[in-house]
Amino acid sequence: MEWITWLTVLLVLVVAVVLFVRMMSANHNTFKKMGIDTPPGANLFGHFALGVEHGMFKCQTEYYKMFKDHKVYGWYDIRTPVLIVKDLDMAKDIMVKHFKHFTDRRVPVEHDAPFKDNLLTLKGDKWKRIRSIITPTFSSGRLKKMAPHVERNAKLLLENLRRKQESGEEIELRDACSCFALDVIASIGFGLDINTLGDPSNTFAKEARNCTNPNILLLVSLLFFPELRKVLRAVGLAVFPKKSMEYLARAVDVAIEGRRRDGSAGKLNDFLDLVMNAEQEDGEGTREPLTRSELHSLSIMLIFGGLETISTVMSFTLFLLAVHPDCCLRAQKEIDDKIGKEAPSYDNVQQLDYLEMCLSEAMRMAPPGFILDRQCVEDVTIQGVHIPKGMPVLVPIYAIHNDPEIWPRPETFDPERFTPENKASRHPYAFLPFGQGPRNCIGMRLALVELKIALSTVLQKFTPVKCSKTVYPFNLSKTLLKANDGLWVKIEARK
């Protein structure tokens, strides 16, 4: 009888393995049926192992070259077939012409309150409603109202850098720029005045950074088995720290109630103020007002959408100027000529064309959004390629930004690529740091204003220079847009 028991156990194991293999590989024939090529080396987990081994940036560039003459190629993201779109005209069609077929983003992780109503992951009509309500918040007039919050925090950054300069301390730029970005987010999104570079352990900074650090085990589990979403939700497990999210939601509540109590609501001209009043100011009054949950999500969205973007672009720009002193000198001369001794502001930084060229070139080399994703919501054929409903589509921004046929010597920092003449000679979708179309980065204009004010404030008084820890060319991490060796410089006072 014992052998029957063991045989039963063995049979159950064999059946379980067969079912597991069938489940994991059920869609791995999709691109063959579609007549679309895929990179070699896929296994039971698709191309996941290739991504882990080589890193996402090397994978992007290597397979972009491998399929040089293809408009698209296929990639198996564990169990999910993902269409990679290389052709710029096709990318434009997806983002603009056929946007109605690609209104949604791929959402590997669904958020619970207080971040469930965020624009990054909302779909369909709910995304459209909230986007339409808050779009006016990023108009020129309202950005100008928010700019004093950025200017105040840029001066605070300057004071902190002055102390480090006087002590001769070497600075890791990503850390310093991250502190500045957090201070601006706290000010415009939560009504808080903090000084993270001076006090790195402040509660807001700790909780804001914590909320962007997922539980890796749960995240990977969901990537392999999306069916676990409901189970995790039922047992109260969250991929992103719930306590940190709740702290940020309470900060929004405290700010809102405080403003209503002391009569300052509508007078502070920060993001929270403008979003609270967006419905009343649009003059229509026909849409539902934003709920408290939506206000929570919009403020927290500034952390997810703005912290990494600002700290990445600002740190790489300053670093690249430090290792290219001729470009740095030219940017400083422009600031001296056009701004003089005035404090950088919303109005006067609009004149800084060369500084914007330096920013653009830094974003080309290290794009904050290095992958652009959309989800097909309705079957469509674009330029002869049939894309079925439900298929995720990715545009490999990092690879496009480093294509030598578009950008000669792409490893070289050359702001002249962004003169009006050179921009006009390229495909308009060859440079996509913030995406394009109706679902582009809604905070793009705020980010650019913030970056130009911060950079011009620093360069007006200081010069970043190479130090003993400077490593250039930089080597990017496998999974994050950060330099493995850091972005180290020293700060010298201008004479």
Side-chain angles (χ1 to χ4, degrees), residues 105 107-123 126-127 129-131 133-135 137-138 142 146 149-150 153 178-194 196 202-215 218-219 232-233 236-259 265 268 270-279 289-312 368-369 434 439 441-444 446-447 450:
R105 284 195 171 123
V107 183
V109 177
E110 291 181 356
H111 295 273
D112 294 318
F115 196 47
K116 69 175 183 177
D117 295 316
N118 74 87
L119 275 179
L120 302 174
T121 58
L122 280 178
K123 298 181 178 182
K126 191 163 188 180
W127 165 81
R129 170 185 158 267
I130 294 180
R131 174 95 181 200
I133 290 175
I134 71 164
T135 291
T137 304
F138 296 97
R142 288 168 184 166
M146 277 192 273
H149 297 276
V150 179
N153 283 290
S178 173
C179 292
F180 165 74
L182 273 173
D183 291 352
V184 173
I185 290 168
S187 179
I188 68 172
F190 297 84
L192 300 172
D193 288 328
I194 60 175
T196 307
N202 74 77
T203 304
F204 179 86
K206 183 179 71 174
E207 299 293 357
R209 285 183 169 134
N210 194 39
C211 82
T212 61
N213 291 321
N215 181 312
L218 292 182
L219 179 60
L232 294 179
R233 186 170 291 165
L237 290 176
V239 174
F240 291 88
K242 200 164 186 179
K243 286 185 179 179
S244 296
M245 292 285 193
E246 289 171 348
Y247 164 84
L248 296 170
R250 286 195 301 273
V252 172
D253 290 339
V254 168
I256 290 173
E257 299 308 324
R259 293 172 189 202
L268 299 178
D270 58 14
F271 176 79
L272 184 57
D273 229 17
L274 294 170
V275 168
M276 286 171 63
N277 291 286
E279 188 67 30
L290 293 169
T291 66
R292 183 60 63 92
S293 174
E294 289 164 352
L295 288 172
H296 290 161
S297 295
L298 289 170
S299 287
I300 296 172
M301 181 187 71
L302 290 176
I303 298 171
F304 279 84
L307 176 56
E308 284 300 311
T309 297
I310 296 299
S311 57
T312 296
F434 296 103
R439 194 141 192 175
C441 173
I442 194 170
M444 173 182 67
L446 173 61
E450 186 177 338

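Considering only heavy atoms from C-beta on, L298 comes within 4.5 Å of L290 through its side chain. Using a 4.5 Å heavy-atom cutoff, the side chains of W127 and R439 are in contact. Looking only at side-chain heavy atoms (C-beta outward), L446 and I188 come within less than 4.5 Å of each other. Here the side chains of L122 and R129 are not in contact, with every heavy-atom distance at 4.5 Å or above. Side chains of E450 and F180 form a contact here, defined as non-hydrogen atoms less than 4.5 Å apart. T203 has its side chain within reach of Y247: a pair of non-hydrogen atoms, C-beta onward, lies under 4.5 Å apart. Looking at heavy atoms from C-beta onward, K116 lies out of side-chain contact with M245 at the 4.5 angstrom threshold. Under the 4.5 Å side-chain criterion, counting only non-hydrogen atoms from C-beta, T121 is not in contact with F115.
With ring centers used as reference points, F204 lies under 6.0 Å from F190.
Salt bridge absent: E207 and R250 never bring a charged side-chain N and a carboxylate O closer than 4.0 Å.
The minimum heavy-atom distance linking T196 with I194 is given by the pair OG1-CD1, 3.4 Å. Closest of all the heavy-atom pairs between A113 and K242 is O-CE, 4.3 Å. Of all the heavy atoms in L248 and C211, the pair that sits closest is CD1-SG, 3.7 Å. For the residue pair A249 and I300, the shortest heavy atom distance occurs at N-CD1, 4.5 Å.
Partners of R292 by salt bridge (Lys or Arg N to Asp or Glu O under 4.0 Å), not counting sequence neighbours, listed by chain and number: D253, E257.
Of the possible donor and acceptor atoms, none in the side chain of S178 sits under 3.5 Å from a partner among the backbone N and O of E308. Formation of a donor-acceptor pair under 3.5 Å by the T135 side chain with backbone atoms of R131 is found in this model.
Between F240 and F304, the ring-plane angle classifies as perpendicular under the 30° and 60° cut-offs.
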_Apply side chain to side chain contact (heavy atoms under 4.5 Å, CB included) to residues V184 and I310 and explain how you reach the verdict._
CA-CA 10 Å; V184 173; I310 296 299; over 6 Å; no
